[in-house]
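Written below as structure tokens is the structure these notes are about.
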Amino acid sequence: MTSSPQKSAFSKHTQEQIQQPSTTSTTNDENPYGQMSLTARLLVFLLVPSATGLIGLFSSFLQSTRTPLEGKEPHTIDLDRDF
């Protein structure tokens, strides 16, 4: 069985790629923005869920106060009874 010139060129090319050292680095040591600081991680961990929850709570509050059910009086907030 004889190999075609295309096949041997491909195998030669792959051998050259294997032997060459990698020019791109996979570590984040060279990039100062590669890793998040501890403060940034805490802010993302605490602020994003808190802001999402507060926005949902506020929109629910607005919906309940602006659209009263038919035949009922508008909803008033009573902290002793509602919680």
Side-chain angles (χ1 to χ4, degrees):
M1 226 161 81
T2 61
S3 65
S4 67
Q6 292 177 346
K7 196 171 190 179
S8 64
F10 178 73
S11 64
K12 182 188 278 187
H13 178 68
T14 55
Q15 286 297 328
E16 288 174 358
Q17 280 187 335
I18 292 172
Q19 292 173 357
Q20 289 178 351
S22 177
T23 56
T24 60
S25 176
T26 58
T27 62
N28 292 329
D29 296 335
E30 297 172 4
N31 187 2
Y33 301 110
Q35 292 183 345
M36 292 175 61
S37 67
L38 181 62
T39 306
R41 290 179 189 180
L42 288 174
L43 286 175
V44 168
F45 182 73
L46 294 175
L47 288 182
V48 170
S50 298
T52 304
L54 288 174
I55 290 170
L57 180 67
F58 184 67
S59 65
S60 175
F61 169 73
L62 286 179
Q63 182 181 7
S64 69
T65 58
R66 303 248 174 145
T67 55
L69 297 174
E70 289 183 26
K72 291 188 178 181
E73 60 187 59
H75 179 73
T76 58
I77 296 179
D78 183 12
L79 293 178
D80 294 330
R81 191 185 60 164
D82 288 346
F83 296 99

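Reckoned from all heavy atoms, side chains included, excluding hydrogens, waters and symmetry mates.
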Atom pair OG (Ser50) and CG (Leu57), whose distance is rounded to the nearest 0.5 Å: 12.0 Å
Between Met36 and Arg41, the two heavy atoms sitting closest are O-NE, 3.4 Å
Ignoring hydrogens and angles, tell me if any N or O in the side chain of Ser60 forms a donor-acceptor pair with the backbone of Gly56 under 3.5 Å. no
